[in-house]
Amino acid sequence: MPTIDPTAFSTALLAWYDDHHRDLPWRVSPRDRAAGRKPDPYRVWLSEVMLQQTTVAAVKAYFETFTRRWPQIANLAQAPESDVLSAWAGLGYYARARNLHACARTVHAAYGDRFPETAAALKALPGVGDYTSAAIAAIAFDEPAAVVDGNVERVITRLIALETPLPRAKPQIRHQAEQLTPDHRPGDFAQAMMDLGAMICTPRRPACGICPVDVFCTATRTAKAERFPIKEKKKPIPERSGAAFVAFRRDGAVFLRQRPGSGMLGGMSEPPSTDWSARTDGATGRDAAPFSADWQQAGTIEHGFTHFRLTLEVWRADDVAEAAVGGRVAGWWSGPDQIDGEALPTVMKKVLKAATRGRSEASRRRKT
DNA sequence: TATACGTGGCA
DNA sequence: TTGCCAAGTAT
């Protein structure tokens, strides 16, 4: 395996970063950083958690909303969990939001609103793992921690043309990352590796012709860089199905309930729904309704999750009286002014949209 | 070590 | 349309 000179590598990468870095809302530019401005650990942590498995484009608006509503960690710690979940709605991986809130409370109560400053201590916090602890330690506290995310995995497997498939290659990648991480500007180095992965060393059609570290790269010389990283084959994604029941009160309010606090969409809101079982034996039809009403078919929706595809029958009932629910289901009525503030995951927004479309069509038919 | 856990964009 | 991908963590 070819050896890379770490000093020469980080010098070349950081010089490129100084000129070509992305400006992002949670970042301190290398110029400001050199002038002594330190990143706010709260904003670094919040952005890193949001960015877990999530694109920069999707995160920007949420980061803006969160930092405006909760400017400091104490504000976030004092917020009800339901407020955090509803603000997170649409961003996905909702355990992140529950852990975010738990982490804020821990830092508030146990650390006096100050984040611990080492990767080892950060890693003990909820929702902070190998990657995030290293990123916060490097970016906010100048610890030369090896920051290994998907970008770094891609860059390093190409640098050394690593034929070992992921995830088996992770230990080798980590070792190489530790070799390359400099004591000087470790935070900028981590962000530079990610910018390189995002702008030059991209998953498809990498721009090797303008790469600032191409002289260190084996893949660009001996083969197509795009071959790397090599990955194990994925299993096929199964299908599941179920039914959702959207009850409208006469004033247009919708009946919602809260999902269990852990597991799929944990703690989020939904119209009452069946479990999601294998496609063949999914409980469907109006017999599965949570309470009696004049249930009408409102079509089906499809939604792709990470590990299964879901088809949901949508049922709708109009002019439902509160007495019809009769305490059979724990939940609440959400009026038109409240619905936008509910913690509705995207799949449930699709359900409500299908039901609302059916309701407005039925309403038009009644009028004509 | 393998699996559960969301969503939106792109080819 | 389908599959892959994007700054991972918890169990």
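Below, chain A is the first sequence line, B the second, and so on; all start at residue 1.
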Rounded to whole angstroms, how far apart are CZ on Arg227(A) and P on dC4(C)?
18 Å
At under 4.0 Å between heavy atoms, what does Met264(A) touch on the DNA or RNA strands: base, sugar-phosphate, or nothing?
sugar-phosphate
Within the structure shown, what part of the strands sits under 4.0 Å from Leu24(A) by heavy-atom distance: base, sugar-phosphate, or nothing?
base
Which salt bridge (Lys or Arg N to Asp or Glu O under 4.0 Å) pairs, counting each pair once, include a residue from residues 4-19 of chain A, with sequence neighbours left out?
Asp18(A)-Arg185(A)
Below 3.5 Å between N/O atoms, which protein atoms pair up with nucleotides 9-11 of chain C? Just atom names and distances, please.
residue	atom	partner	partner atom	Å
dT9(C)	OP1	Gly129(A)	N	2.9
dT9(C)	OP1	Thr132(A)	N	2.9
dT9(C)	OP1	Thr132(A)	OG1	2.7
dT9(C)	OP2	Asp130(A)	N	3.3
dT9(C)	OP2	Tyr131(A)	N	3.1
dA10(C)	OP1	Gly127(A)	N	2.5

Quantified in whole Å, what is the P atom distance between nucleotide dG6(B) and nucleotide dT1(C)?
24 Å
Enumerate the salt bridge (Lys or Arg N to Asp or Glu O under 4.0 Å) contacts for residues 42-66 of chain A, please, sequence neighbours excluded, ordered by first and then second residue.
Glu64(A)-Arg68(A)
Quick one: label Trp88(A) by what it contacts on the DNA or RNA (base, sugar-phosphate, nothing), any heavy atom closer than 4.0 Å.
nothing
Mind listing the side-chain donor-acceptor pairs of residues 133-147 of chain A below 3.5 Å, one per line with the distance, residues two or more places apart or on another chain?
residue	atom	partner	partner atom	Å
Ser133(A)	OG	Gly129(A)	O	2.6
Ser133(A)	OG	Asp130(A)	O	3.1
Asp142(A)	OD1	Arg33(A)	NH2	2.9
Asp142(A)	OD2	Arg33(A)	NH2	2.8
Glu143(A)	OE1	Ala119(A)	N	3.0

Side chain to side chain contact (heavy atoms under 4.5 Å, CB included) partners for Gln53(A), two or more places apart
Tyr93(A)
Hey, can you pull the donor-acceptor pairs under 3.5 Å for the side chains in residues 191-198 of chain A, sequence neighbours left out?
residue	atom	partner	partner atom	Å
Gln191(A)	OE1	Arg27(A)	NE	3.1
Gln191(A)	NE2	Gly187(A)	O	3.2
Asp195(A)	OD1	Arg22(A)	NE	2.8
Asp195(A)	OD1	Arg22(A)	NH2	2.8
Asp195(A)	OD1	Arg27(A)	NH1	3.4
Asp195(A)	OD1	Arg27(A)	NH2	2.7
Asp195(A)	OD2	Arg22(A)	N	3.0
Asp195(A)	OD2	Arg27(A)	NH1	2.9

Kindly say if Lys235(A) contacts the phosphate of dA2(B), meaning a side-chain N or O under 4.0 Å from OP1 or OP2.
no
To the nearest Å, give me how far apart CD1 (Ile237(A)) and P (dT1(C)) are.
16 Å
OP1, OP2 of dA4(B) versus side-chain N and O of His307(A): anything below 4.0 Å?
no
Please give the distance between the P atoms of dT9(C) and dG8(B) as a whole number of Å.
22 Å
Does a side-chain N or O from Lys231(A) land closer than 4.0 Å to OP1 or OP2 of dC4(C), or not?
no
Rounded distance in Å - CZ (Arg168(A)) to C1' (dT1(B))
12 Å
List in chain and number order the residues that pass salt bridge (Lys or Arg N to Asp or Glu O under 4.0 Å) with Arg69(A), two or more places apart in sequence or in another chain; answer none if no residue qualifies.
Asp83(A)
Between atom CZ in Arg174(A) and atom C1' in dG8(C), what is the gap in whole Å?
12 Å
Return the polar atom pairs (N/O with N/O) between nucleotides 7-11 of chain B and the protein under 3.5 Å, or none.
residue	atom	partner	partner atom	Å
dT7(B)	OP1	Tyr94(A)	OH	2.8
dT7(B)	OP1	Thr346(A)	N	2.6
dT7(B)	OP2	His303(A)	NE2	2.7
dT7(B)	O3'	Thr346(A)	OG1	3.4

Could you check how far CD of Glu48(A) sits from C1' of dG8(C), rounded to whole Å?
11 Å
Whole-Å distance separating the CD1 atom of Ile230(A) from the P atom of dC5(C):
13 Å
Within residues 159-170 of chain A or reaching into it, pairs that qualify as salt bridge (Lys or Arg N to Asp or Glu O under 4.0 Å) - sequence neighbours excluded
Glu153(A)-Lys170(A), Glu163(A)-Arg227(A), Arg168(A)-Glu232(A)
Do the ring planes of Phe245(A) and Trp295(A) sit parallel (below 30°), tilted (30 to 60°) or perpendicular (above 60°)?
perpendicular
Could you give the CG-to-P distance, from Asp149(A) to dC5(C), as a whole number of Å?
15 Å
Determine, for Glu270(A) against Arg257(A), whether the closest basic-nitrogen to carboxylate-oxygen distance falls under 4.0 angstrom.
yes
How close or far is atom C1' of dG3(C) from atom NZ of Lys234(A), stated in whole angstroms?
8 Å
Taking side chain to side chain contact (heavy atoms under 4.5 Å, CB included) as the criterion, tell me which of Leu180(A), Asp214(A), Ile173(A), Thr218(A) meets it with Leu159(A).
Leu180(A)
For Arg205(A), report the nucleic acid contact type (base, sugar-phosphate, nothing); a contact means any heavy atom under 4.0 Å.
nothing
